[in-house]
Amino acid sequence: DPYAQLLLEAMKQSGCTVFNDRHFSCENCDGCVSGGFDSATSQIVLCQNNIRQQSHMNRVVTHELIHAFDHCRAHVDWFNNVKHLACSEIRAANLSGDCTLMNEIARFKFGLKGHHQTCVRDRAIRSILAVRKVSKETAEKAVDEVFDACFNDLEPFGRIPHSKTDAKRAYRDFQNRDRYNANL
């Protein structure tokens with residue numbers, strides 16, 4: 001998957017190598033949660049009982065790898081700073097494919113102007129509420145306060161990948177990023 005390839009390569013360049021047998025775990029999960037990132041162990045948990053399609057698993061892996069990338073590069077304070085959590089959730093919803101047009105149609109959510117941003121905001125709030133015992137108002141306030149900066153932080157993709165083709169381009173650009181600077 002080009003999303004995962006790019007994120008794994010970016011983490012490696014940031015000094016955070018990921019080992020499949022150590023940093024990924026498939027488990028049965030409660031409720032309708034599809035996955036999670038455990039910052040204490042730097043492990044991505046995939047909820048095998050709630051993931052039924054390869055495309056869904058790819059999105060979950062990408063979403064959680066974005067959290068792992070943020071943890072690696074930004075030293076996120078997951079438990080004490082709800083704004084840090086909000087920022088990573090915004091980035092994950094924005095960059096993982098969670099809010100593609102096809103996913104939104106499958107959820108029976110339609111809209112044109114600003115729909116992607118609305119989806120990202122709503123999914124970030126939902127994610128915060130799923131992992132922290134905070135009020136909806138607290139989650140909304142945290143998301144609103146950091147939304148613009150975090151929505152526009154496109155690292156390591158450089159663009160919002162709306163499709164696998166976009167992700168492949170982003171990965172190719174990422175691989176060639178240093179090559180362009182070396183020639184200057």
Side-chain angles (χ1 to χ4, degrees), residues 1-12 16-109 116 118-140 142-143 146 150-151 156-157 161 164 167:
D1 184 67
Y3 292 87
Q5 286 179 311
L6 191 154
L7 286 158
L8 291 169
E9 184 69 26
M11 289 177 66
K12 184 177 178 183
C16 299
T17 303
V18 176
F19 300 101
N20 291 347
D21 58 342
R22 157 73 180 86
H23 292 105
F24 289 89
S25 174
C26 292
E27 301 175 9
N28 285 323
C29 303
D30 295 333
C32 59
V33 176
S34 299
F37 174 68
D38 182 348
S39 62
T41 61
S42 293
Q43 189 172 60
I44 291 171
V45 176
L46 300 171
C47 299
Q48 61 193 15
N49 58 319
N50 294 330
I51 298 174
R52 307 219 189 296
Q53 296 175 327
Q54 183 68 43
S55 60
H56 183 208
M57 186 183 78
N58 291 349
R59 273 194 322 277
V60 172
V61 167
T62 300
H63 182 106
E64 302 309 334
L65 277 172
I66 290 167
H67 293 320
F69 176 75
D70 288 349
H71 183 72
C72 172
R73 75 167 181 147
H75 310 292
V76 178
D77 186 353
W78 300 101
F79 300 103
N80 299 313
N81 191 329
V82 72
K83 288 182 188 178
H84 284 196
L85 174 60
C87 188
S88 191
E89 292 296 353
I90 290 164
R91 287 178 30 75
N94 189 27
L95 300 172
S96 69
D98 286 348
C99 291
T100 63
L101 178 61
M102 292 311 293
N103 286 336
E104 284 294 271
I105 289 171
R107 294 179 193 119
F108 300 104
K109 298 211 174 179
H116 181 76
T118 300
C119 173
V120 168
R121 182 182 182 280
D122 292 347
R123 292 194 68 77
I125 291 166
R126 281 186 51 212
S127 292
I128 293 168
L129 294 173
V131 298
R132 292 289 169 272
K133 292 193 183 308
V134 298
S135 69
K136 186 174 182 184
E137 294 76 25
T138 299
E140 289 172 342
V143 167
V146 299
C150 299
F151 183 83
F157 291 93
K164 233 177 202 177

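Interatomic distance, H84 NE2 to H75 NE2, rounded to the nearest 0.5 Å: 11.5 Å. Expressed to the nearest 0.5 Å, how far SG of C87 lies from NZ of K83 amounts to 11.0 Å. Within the model, atoms CG of D70 and CG of L65 stand 11.0 Å from one another, a figure rounded to the nearest 0.5 Å. With values rounded to the nearest 0.5 angstrom, D1 atom CG is found 11.0 Å from R59 atom CZ. The CD1 atom of I128 lies 10.5 Å from the OG atom of S135; values are rounded to the nearest 0.5 Å. In this structure, the separation between CD1 on I51 and SG on C26 is 7.5 Å, given to the nearest 0.5 Å.
The two residues L85 and V76 have their closest heavy-atom pair at N-CG1, 4.5 Å. Closest heavy-atom contact between T62 and S96: CG2-CA, 3.6 Å. Contact record, A93 with R123: CB-CB, 4.1 Å, taken as the closest heavy-atom pair. Contact detail for A167 and L6: the closest heavy-atom pair is O-CD1, 4.4 Å. The minimum heavy-atom distance between A68 and M11, with the atom names listed, is CB-CE, 3.8 Å. For the pair V60 and G35, the tightest heavy-atom approach, listed with the atom from each and the gap, is CG1-CA, 3.9 Å.
Taking the six-membered ring for Trp and the full ring otherwise, the centers of H67 and H63 sit less than 6.0 Å from each other.
For the pairing with V61, the side chain to side chain contact (heavy atoms under 4.5 Å, CB included) check across L8, L46, L7 returns one residue only, L46.
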- [ ] Start with the C-alpha gap between T138 and R132, add the side-chain angles, then the distance that decides, and say whether side chain to side chain contact (heavy atoms under 4.5 Å, CB included) holds.
- [x] CA-CA 10 Å; T138 299; R132 292 289 169 272; over 6 Å; no
Open item on the list: Please determine whether side chain to side chain contact (heavy atoms under 4.5 Å, CB included) holds for the pair F157 and R91, giving the CA-CA distance in whole Å, both sets of side-chain angles, and the decisive distance to 0.1 Å.
Closed with: CA-CA 11 Å; F157 291 93; R91 287 178 30 75; over 6 Å; no
- [ ] Show the numbers, then the answer: is there a side chain to side chain contact (heavy atoms under 4.5 Å, CB included) between Y3 and I66?
- [x] CA-CA 10 Å; Y3 292 87; I66 290 167; over 6 Å; no
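Under the 3.5 Å distance criterion, the side-chain polar atoms of N94 are left unmatched by any main-chain donor or acceptor of V120. The backbone N or O of D38 lies less than 3.5 Å from no partner atom in the side chain of Q43, so there is not a single donor-acceptor pair.
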Between side-chain atoms of residues 27-34 and protein atoms elsewhere (two or more places apart, or another chain), which donor-acceptor pairs fall under 3.5 Å?
from, atom 1, to, atom 2, distance (Å)
E27, OE2, S25, OG, 2.8
S34, OG, H56, NE2, 3.1

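H71 is listed as a side-chain neighbour of W78, based on a closest heavy-atom distance under 4.5 Å.
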